[in-house]
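First comes the structure, then the notes that go with it.
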Amino acid sequence: MKLLRVGPVGHERPVVMDAAGNLRDIGEPEIDGAFLASGGVERVRDALEHGALPVVDAEGLRVGAPIARPGKIVCIGLNYRDHAAESGAEVPAEPVVFMKASNTLVGPYDEVLVPRGSVKTDWEVELAVVIGKQARYLGSREEALGVIAGYAVANDVSEREFQLERGGQWDKGKSCETFNPLGPWLVTPDEIGDPQDLPLRLWVNGEQRQDGSTKDMIFDVAEVVRYLSQFMVLEPGDLINTGTPAGVAMGIPGQPYLRAGDVVELEIGGLGRQRQEVGQA
C-alpha cells in the first residue's frame, strides 16, 4: 500500500493510492505518529479493500512528504562500503549515528536550497525507514522489522564544509532548511518485500552519479533499527535515513557541488522517484 500527502505546504491532505493509480481520501486528519500508533494503516487497508474511500482529484496538486513532521530524524553515516572508501574512512565497527532537524523535511519535488555561504552542498540517495510502533531495547532482528511502518525515498542533502570542516558534530551540515526531501510515497513493508534488495540511483543534471543497492549496506535495516533502540526510544512517526552508496560529490575528484539551477533526480526500486530543482537561500 502506498500512502502520501497532497496539497499546499502546511495544508496537505492524506490519501492512499489504489491499484489503478487513483488517489483516495483516507478519512484521517494526518499521516503522523498518532495515525501509525493507533492502527491507521490497518484501518486504511480495510477501507480500501471494501471500496469505502472516495477518489480525490489530485490534478495539479503538490505532493508533500508522505509523513507529517516526525519527532526525530535519525541518520546512519558511512553505511555502504563503497561510500566509506570514497570518503577516505574506515568501515565502521558500529553504526555511525547522527541527528537531523525535523524541519528539514520537504516534499519529493520541492525546491532544495543551497545555504548562504555554502560551497559544498551535496546529494545522497537513501532508503528511509518510518517507525510505526514504540521501540526500546529490541532484542532481535525480527522485533526490529516488526516496528517498521514503511519505507520511502530520501535525499539526505548535506553541506560538507559545514559538516566536516567547521568543527563540532555533523548535524550542522545536515540540518539546513529543505535538506530532507522525502517521498513520494510511504510504502508498507508487505509491498516492498526484502528491503535489502532495492536499487538506488541518482542523477544530477541528467548525468548519473549514484547507482547502488541496499544489499551493499554494512548494517542492514533490521540491525540499524535494533541498534538504535538500545540508545534511544524510537517513536511512531520517527524517520531513519539508512545511508548512501558511492557517487556523492565529496567522493568524486573535481565533481562540482550543487548550485542554483541544478536538477537532482533520484529513485529507489518500488518506492518511486524524486526531482528537485536547486535554488539559493
Side-chain angles (χ1 to χ4, degrees), residues 1-70 105-110 125-133 145-155 180-202 214 221 236-242 265-276:
M1 191 166 65
K2 297 181 176 73
L3 296 163
L4 60 159
R5 298 164 65 245
V6 296
V9 175
H11 300 280
E12 292 90 349
R13 182 179 187 178
V15 296
V16 62
M17 181 179 290
D18 66 19
N22 299 310
L23 300 185
R24 294 181 176 270
D25 192 324
I26 69 173
E28 299 275 353
E30 192 51 281
I31 300 173
D32 57 10
F35 166 82
L36 297 172
S38 65
V41 171
E42 291 73 22
R43 290 195 301 274
V44 171
R45 190 188 306 278
D46 183 68
L48 185 62
E49 289 175 352
H50 287 84
L53 303 178
V55 173
V56 172
D57 181 7
E59 183 69 29
L61 285 182
R62 166 185 171 270
V63 177
I67 59 170
R69 182 168 171 173
L105 203 68
V106 295
Y109 313 116
D110 289 346
V125 58
E126 304 202 9
L127 174 65
V129 174
V130 177
I131 299 298
K133 301 175 184 177
L145 292 173
V147 304
I148 295 173
Y151 301 96
V153 183
N155 187 356
N180 206 131
L182 186 73
W185 314 311
L186 172 63
V187 184
T188 52
D190 59 294
E191 186 164 331
I192 286 301
D194 184 2
Q196 302 310 143
D197 191 24
L198 303 175
L200 309 88
R201 304 181 185 92
L202 180 144
T214 57
V221 168
D238 284 352
L239 180 68
I240 303 170
N241 291 338
T242 59
E265 298 170 279
L266 53 152
E267 65 183 16
I268 298 179
L271 297 178
R273 188 177 177 94
Q274 299 186 0
R275 181 184 187 275
Q276 295 109 35

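Numbers here simply count residues along the sequence, with the first being 1. If you're wondering where the values come from, they're calculated on a predicted model, not measured in any experiment.
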>> Go through it in stages, so that I can follow the logic: the residues are Leu61 and Arg13, the test is side-chain contact (heavy atoms from CB on, under 4.5 Å), and I'd like the CA-CA distance, side-chain angles, deciding distance and then a yes or no.
In response: CA-CA 10 Å; Leu61 285 182; Arg13 182 179 187 178; 6.0 Å; no
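Leu105 has its side chain within reach of Pro70: a pair of non-hydrogen atoms, C-beta onward, lies under 4.5 Å apart. Glu267 is not listed as a side-chain neighbour of Val153, based on a closest heavy-atom distance of 4.5 Å or more. Inter-residue side-chain proximity for Ile31 and Ile26 is flagged as met; some heavy-atom pair is nearer than 4.5 Å. Contact annotation: the side chain of Pro54 approaches that of Asp25 to within less than 4.5 Å [non-hydrogen atoms, C-beta and beyond]. Put simply, the side chain of Ser38 reaches to within 4.5 Å of the side chain of Arg43, judged on heavy atoms. With a 4.5 Å cut-off on side-chain heavy atoms, Leu198 and Tyr151 do not count as touching. The shortest side-chain heavy-atom distance between Ile240 and Val221 does not fall under the 4.5 Å cut-off. Taking 4.5 Å as the limit, some side-chain heavy atom of Leu3 sits within range of a side-chain heavy atom of Phe35.
The shortest non-hydrogen separation linking Thr242 to Glu126 is N-OE1, 3.4 Å. A pairwise comparison of heavy atoms in Pro189 and Gly150 identifies CD-CA, 3.9 Å as the closest pair. Residue Gly183 comes nearest to Pro66 through the heavy atom pair CA-CD, 3.7 Å, listed as atom of the first residue, atom of the second, then distance. The two atoms that bring Met17 and Trp185 nearest to each other are CE-NE1, 3.6 Å, heavy atoms only. The heavy-atom pair separating His50 from Asp46 by the smallest distance is ND1-O, 2.8 Å. Taking all atoms of both residues into account, the shortest heavy-atom contact from Val187 to Gly270 is CG2-O, 3.9 Å.
The NZ atom of Lys133 sits 11.0 Å away from atom CG of Leu36, with the distance rounded to the nearest 0.5 Å. Leu53 contributes atom CG, which lies 11.5 Å from atom CG of Leu23 (distance to the nearest 0.5 angstrom). Here the CD atom belonging to Gln196 is positioned 7.5 Å from the CG atom belonging to Leu127, to the nearest 0.5 angstrom. Atom CG of Asp18 sits about 12.0 Å away from atom CE of Met1, to the nearest 0.5 Å. With values rounded to the nearest 0.5 angstrom, Ile67 atom CD1 is found 9.0 Å from Asp32 atom CG. Here CD1 of Ile131 is found 6.0 Å from CD1 of Ile148. Values are rounded to the nearest 0.5 Å.
A distance-only check finds no donor-acceptor pair linking the side chain of Glu12 to the backbone of Gly7 [under 3.5 Å].
Partners of Glu30 by side chain to side chain donor-acceptor pair (under 3.5 Å), not counting sequence neighbours, listed by chain and number: Arg5. Applying the side chain to side chain donor-acceptor pair (under 3.5 Å) test to Asp194 and every residue at least two apart in sequence or in another chain returns nothing.
Just one residue in the list Gln276, Arg62, Arg275 forms a side-chain hydrogen bond (donor to acceptor under 3.5 Å, both in side chains) with Asp110, and that residue is Arg62.
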